Protein chains: 2
Amino acid sequence: MHKKIMYYIYLRNNAMGNSKLYKGSLHTIILKLLEENGKMYGYEITQKVKEITNGELNITEGALYPALHKLEAEELLDVEVAKVDNRLRKYYKLTEKGTKETVTKLKELEEYIRNMHTLVNAKWSI
Amino acid sequence: MHKKIMYYIYLRNNAMGNSKLYKGSLHTIILKLLEENGKMYGYEITQKVKEITNGELNITEGALYPALHKLEAEELLDVEVAKVDNRLRKYYKLTEKGTKETVTKLKELEEYIRNMHTLVNAKWSI
DNA sequence: AATTATACCTAAAAAACTTATGCATAAGAA
DNA sequence: TTCTTATGCATAAGTTTTTTAGGTATAATT
């Protein structure tokens, strides 16, 4: 006898018609969220971003997890595995190097946004 | 007898340590510049961007020309070839479709920037 | 005479995504 | 009980958009 395996396949509806546009900004988002919240796990990050942007920005898992692994490889993040409700969670937090890099990345973002604002001669402000 | 060919090879120093970061924004920049200036040619666009951003953003030719061709293929731009001082210039201008698309793209950019501003909980404003 | 600025172009590679899977447990709805 | 949704991790193939690195040519400047 063996256990009966129940595994359901289901369709996902990631990222519908939500606003695209962003290149290196995913790393910046991750770093900044970790700076503010101390430690977070992947799924939590996707939900947080969705919540903050009222569902306008959806981080796909295919983008998020490789990004987290890369940041970890660059020693900007530390990982800590936890088991909650029999489910795995990988908590990430900034290293010292990561904290410095966050400052740099945020400056670059501001620079970029200022340049774009000037370039398109925007009437709006934030 | 044949003419003596004089052709100099030289090194280029495109895009030094200048601010990276931007994905679909190149199309938006091009469209907006054309909206403001009526018609422009490729080289002029690169110089204009450099000028406006004080040299911080340098559009590479390898990105610009394919982008212009793509926008033309999508019928957002019209081309007009001119010869000035025995040198070729290709002037681009917005089509009607292109003018509409410019509005859309600018809205998307604003949306994106607002989202990023909220996400990183920025203290600065523009 | 040599270099720099002006002007176009393309192809190979890299970067950063989306899309499409796969696996697994818990909670809630039918 | 059964099915579905939510929670949680992951990778691989494909696409888009960029960088890097070439190529060709004329005019102006050093």
Side-chain angles (χ1 to χ4, degrees), chain A residues 3-30 40-48 50 57-72 74 79-92, chain B residues 3-30 40-48 50 57-74 79-92 112:
Chain A
K3 275 200 294 188
K4 189 166 144 197
I5 310 275
M6 271 297 156
Y7 181 63
Y8 299 96
I9 292 162
Y10 57 94
L11 299 175
R12 301 178 200 204
N13 56 330
N14 269 326
M16 303 124 316
N18 65 318
S19 83
K20 312 261 172 174
L21 188 70
Y22 56 99
K23 194 187 94 184
S25 38
L26 177 55
H27 283 206
T28 309
I29 292 171
I30 293 172
M40 298 179 85
Y41 54 100
Y43 186 76
E44 190 183 6
I45 292 174
T46 65
Q47 299 308 303
K48 196 75 178 176
K50 201 183 292 185
L57 230 62
N58 288 322
I59 307 297
T60 57
E61 295 170 307
L64 179 72
Y65 291 114
L68 287 172
H69 300 159
K70 196 177 181 193
L71 291 170
E72 190 196 345
E74 290 168 355
V79 199
E80 186 193 321
V81 179
K83 201 150 193 176
V84 180
D85 285 331
N86 209 33
R87 267 200 243 94
L88 197 74
R89 276 187 195 172
K90 292 177 83 171
Y91 281 98
Y92 290 91
Chain B
K3 274 202 293 188
K4 189 167 146 196
I5 309 275
M6 271 295 154
Y7 181 62
Y8 299 95
I9 292 161
Y10 56 94
L11 300 173
R12 301 179 202 205
N13 57 329
N14 267 327
M16 302 124 317
N18 66 317
S19 84
K20 312 262 171 174
L21 189 71
Y22 58 98
K23 195 187 94 186
S25 37
L26 177 55
H27 282 207
T28 308
I29 293 171
I30 293 172
M40 297 179 84
Y41 55 99
Y43 186 75
E44 190 184 6
I45 292 175
T46 66
Q47 299 308 303
K48 197 76 177 176
K50 201 183 291 183
L57 232 61
N58 288 322
I59 307 297
T60 57
E61 294 172 308
L64 179 71
Y65 291 113
L68 287 171
H69 300 158
K70 196 177 182 194
L71 290 170
E72 190 196 344
E74 290 168 356
V79 199
E80 185 193 320
V81 180
K83 200 151 193 176
V84 180
D85 284 333
N86 209 32
R87 266 200 244 95
L88 198 73
R89 276 187 194 171
K90 291 177 85 172
Y91 281 98
Y92 290 90
Y112 166 70

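These figures come from a predicted structure and were not determined experimentally. Letters A, B, ... are given to chains in the order of the sequence lines, protein chains preceding strands, and every chain is numbered from 1.
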Figure out the [atom1]/[atom2] separation between [X] and [N], and round it to whole Å.
X	N	atom1	atom2	answer
B:Leu68	D:dT17	CG	C1'	14 Å
B:Tyr91	C:dC8	OH	P	9 Å
A:Ile59	D:dC9	CD1	C1'	17 Å
A:Glu44	D:dT7	CD	P	12 Å
A:Asn86	D:dA6	CG	C1'	16 Å
B:Arg89	D:dT26	CZ	P	16 Å

Within less than 4.0 Å of OP1 or OP2 of [N], is there a side-chain N or O belonging to [X]?
X	N	answer
B:Lys90	C:dC9	yes
A:Tyr65	D:dA10	no
A:His69	D:dT11	yes
A:Lys70	C:dA16	yes
B:Tyr41	C:dC8	no

Minimum-distance nucleotide to B:Gln47 side chain [options: C:dT6, C:dC8, D:dC9] |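 Output: C:dT6.
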Hey, which of these two, B:Val84 or B:Gly62, hits DNA chain D nearer its 5' end, going by closest nucleotide?
-> B:Gly62
Determine the contact category for B:Arg87: base if any of its heavy atoms lies under 4.0 Å from a base atom, sugar-phosphate if only primed atoms, P, OP1 or OP2 are that close, otherwise nothing.
-> base
Return the minimal non-hydrogen interatomic distance between B:Ile30 and B:Ala67, and the atom names on each side.
-> CD1-CB, 3.9 Å
